[in-house]
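Contents: one structure, followed by commentary.
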Amino acid sequence: MDHTCIKRSGAPSEYPTYRLSMPMPKFEIICEVEPATRPDVMHVRHQIGVLSEVASAFLIPDNHIGRATVSSIAVAHEVRLMGGRSIACINARDRNVLGFQRDLLTAAAYGVNEFLFVYGDRPETGARSDDLTVRSMITEARAFVERTEMIDALRLGAATGLRPLPSWKQGADFLLTQVTYSIDELLRWRSSVEFDGPIYAGVMVLPSPTMARKLSADVPQLAVPQAIIGQLDRDRRSGVDIACDHIKAIYESEAFDGVHLIPVNRYREMAARLESLL
């Protein structure tokens, strides 16, 4: 495979045409791990070990879907100890400014310098904090680097839906798109966006038709097309095939720098398939 960095040209068309730019090491696969909800990170270590041959980096969720998990910064440190690259997710929901500053200090002490900032899902119990937003976390993190005179600058990411990109998100170093199931939808959005950093397209492995229906009901913007649900009804194992086909289409489009893969509990199958695919 000829892995390249791609830039959008000025040629008018329904979808953008892309020209090859400076070489990249590879088309990146950022693998999200299932976080630990108990004081034991062995399952996380196992995921990292299985996916290490295909993952460019590991994204560590933070209090996933409103449930308490082991600190994303602590797990990111574990990834570094295992020789991998980590991106620690930090959500605004559970923090005030002082708590966020504590997390940045902890991350600096552990050598963790890549982050994805998100607003955070509604918590299962209690109220959310409204002290922080993704925008204010990016601003505070940049100021933290200056105040502490850190030698290594932070690399900060933000998530985005397939909507016009707010101007403040241009201050991020990379973007992760919401999960989609249509390459045409992704390319229409990409043709409308100017962004200097890498953009990674979201891909989720659907482990069952039940989960696909639940996801559609709970998160309308991530609704799974009926055709895909029907395919899962016929073969519940086909979620891996669907995800691999989507990743292949994203790669071949030359419109994205990689994918943000959410393998859920199918990480073994995805690791095996991606080794042969990539």
Let me see the working for F58 and I87 under side-chain contact (heavy atoms from CB on, under 4.5 Å), right down to the final yes or no. CA-CA 6 Å; F58 294 94; I87 302 172; over 6 Å; no

Minimum heavy-atom separation for R190 and A255, please, with both atom names. NE-O, 3.1 Å

In Å and rounded to the nearest 0.5 Å, what is the CD to CD distance from E185 to Q178? 7.0 Å

Is the shortest distance from a Lys or Arg side-chain nitrogen in R237 or D235 to a carboxylate oxygen in the other one below 4.0 Å? yes

Would you check if L206 and Y181 make a side-chain contact, meaning some heavy-atom pair closer than 4.5 Å? yes

Is there a side-chain contact between H46 and R268 in this structure, where contact means two heavy atoms from C-beta onward sitting under 4.5 Å apart? yes

Is the closest basic N to carboxylate O distance between R273 and D241 below 4.0 Å? yes

Shortest non-hydrogen pair, A141 vs L104, comes out as CA-CD1, 4.0 Å

May I ask you to check whether Q47 and E34 show a side-chain donor-acceptor distance below 3.5 Å? no

Quick one: sort the Y251 and F27 rings into parallel, tilted or perpendicular, breaks at 30° and 60°. perpendicular

What's the verdict on side-chain contact (heavy atoms from CB on, under 4.5 Å) for L59 and L116, showing C-alpha distance, side-chain angles and the deciding distance? CA-CA 8 Å; L59 177 67; L116 174 70; 4.0 Å; yes

Ignoring hydrogens, what is the shortest heavy-atom contact between P61 and C89? Give both atom names and the distance. CA-CB, 3.9 Å

Roughly how far, to the nearest 0.5 Å, is the CG atom of D218 from the CE atom of M211? 10.0 Å

Would you call Y119 and L132 a side-chain contact if the rule is heavy atoms closer than 4.5 Å? no

N/O donor-acceptor pair under 3.5 Å between K169 side chain and G157 backbone: no

State, yes or no, whether a side-chain contact exists between V240 and C244 at a heavy-atom distance under 4.5 Å. yes

Is there a donor-acceptor pair closer than 3.5 Å between any side-chain N or O of R95 and the backbone N or O of F100? no

Heavy-atom donor-acceptor pair, T177 side chain to T160 backbone, under 3.5 Å: no

Tell me whether the rings of F174 and Y200 are parallel (<30°), tilted (30 to 60°) or perpendicular (>60°). perpendicular

Does CZ in R85 sit with more than 12 non-hydrogen atoms of other residues, nucleotides or ligands closer than 6.0 Å? yes

Take atom CZ of R135 as the centre, draw a 6.0 Å sphere, and report whether it contains more than 12 heavy atoms from other residues, nucleotides or ligands. no

More than 12 heavy atoms of other residues, nucleotides or ligands under 6.0 Å from CZ of R163: yes or no? no

How close do Q231 and I242 get, heavy atom to heavy atom, and via which atoms? NE2-CG1, 3.6 Å

Is the side chain of N63 donor-acceptor paired with the backbone N or O of A68 at a distance under 3.5 Å, no angle test? no

